[in-house]
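For reference, the structure is listed below as structure tokens.
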Amino acid sequence: MGPLTVGFDLDMTLIDSRPGIAACYRALSERTGTYIDCDLVVTRLGPPLEDELANWFPAEDVDAMTALYREMYPGHAVTGTVAMPGAREAIEAVQSLGGQAVVVTAKFEPNAKLHLEHLGLPADAVIGDLWAEKKGLALREHGAGVYVGDHIGDILGARTADAYSVAVATGPCDEEELRAAGADVVLSDLTEFPAWLAEYHAR
């Protein structure tokens, strides 16, 4: 099988960032005077920040708002974010087998690292600013044979890397949608991952 490397998505896979992201969007709304439905925003986490901001700001302002949001993010979003159930155990399950746990996320990489440091989640590497098929490039570069995520975009990333797609139904996509998108296995959440990994690794 070769060295074990497992990739993990971040938002709604390893961390529940909804409270922090909602707080950051509220602050952005107040600062810019632009209405943003923060409750709606946090129901569709996964795609790049620019895609979401385009729903609320004119196209010519999106780049500036992206930069402003990322600047504001550490002060508003990090402390309000919690680890998903089983996140730490999922990472440690990989490492206990001598493997590496690599986080591959669409989130701005410095902010992704802040989350992991704040929560003490011991990832071996963090690669940010990648979405859907582009995640597959980082997964392939790190030799990941498995990618764990909550969104159909994560399944596309796994497919691009020829990695086994493990989906968790903890984000915006339900189990039926994840299966229809081609996930190799769908788990209710990460608490089921260590047992699955032990079986997978023993094959």
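All values reported here derive from a predicted model rather than from experimental measurement.
- The shortest heavy-atom contact between Glu177 and Pro172 is OE1-O, 4.3 Å.
- Nearest heavy atoms, Arg70 versus Asn111: O-ND2, 3.7 Å.
- Between the side chains of Asp184 and Ser165, no donor-acceptor pair of N or O atoms lies under 3.5 Å.
- The minimum heavy-atom distance between Ser17 and Met12, with the atom names listed, is N-SD, 4.2 Å.
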side-chain contact (heavy atoms from CB on, under 4.5 Å) assessment of Leu190 paired with Leu14: CA-CA 8 Å; Leu190 283 179; Leu14 288 174; 3.8 Å; yes

Working for side-chain contact (heavy atoms from CB on, under 4.5 Å), residues Ile15 and Leu119: CA-CA 9 Å; Ile15 65 173; Leu119 295 171; 3.6 Å; yes

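- In the model, His76 has no side-chain atom that pairs as donor or acceptor with a side-chain atom of Tyr69 under 3.5 Å.
- Ring pair Tyr147/His142: centre-to-centre distance not below 6.0 Å.
- For the residue pair Ser96 and Glu92, no side-chain donor N or O sits within less than 3.5 Å of a side-chain acceptor on the partner.
- Atom CG of Leu121 sits about 15.0 Å away from atom NZ of Lys113, to the nearest 0.5 Å.
- The heavy-atom pair separating Ala123 from Leu116 by the smallest distance is CB-CD1, 4.2 Å.
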Derivation and outcome, side-chain contact (heavy atoms from CB on, under 4.5 Å), residues Thr191 and Met84: CA-CA 9 Å; Thr191 64; Met84 295 293 284; over 6 Å; no

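- For Phe193 and Phe8, the distance between ring centers is under 6.0 angstrom.
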Chi angles and distances behind the side-chain contact (heavy atoms from CB on, under 4.5 Å) call for Val185, Trp196: CA-CA 9 Å; Val185 63; Trp196 174 85; 3.9 Å; yes

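- In terms of heavy atoms, Ala169 sits closest to Glu175 at CB-CG, 3.5 Å.
- For the atom pair CG (Leu53) and CG (Leu68), the distance works out to 9.5 Å, reported to the nearest 0.5 Å.
- For Glu60, the CD atom sits in a packed shell: over 12 heavy atoms of surrounding residues, nucleotides or ligands are nearer than 6.0 Å.
- A distance-only check finds a donor-acceptor pair linking the side chain of Asp154 to the backbone of Asp150 [under 3.5 Å].
- Between Ile21 and Ala77, the shortest heavy-atom distance links the atoms N-CB, 4.2 Å.
- Here Leu45 contributes atom CG and Asp16 contributes atom CG; the two are 8.5 Å apart, rounded to the nearest 0.5 Å.
- Counting heavy atoms from C-beta on, the side chains of Glu52 and Asn55 come closer than 4.5 Å.
- When atom types are taken as modelled, the side chain of Arg159 and the backbone of Gly182 share a donor-acceptor pair closer than 3.5 angstrom.
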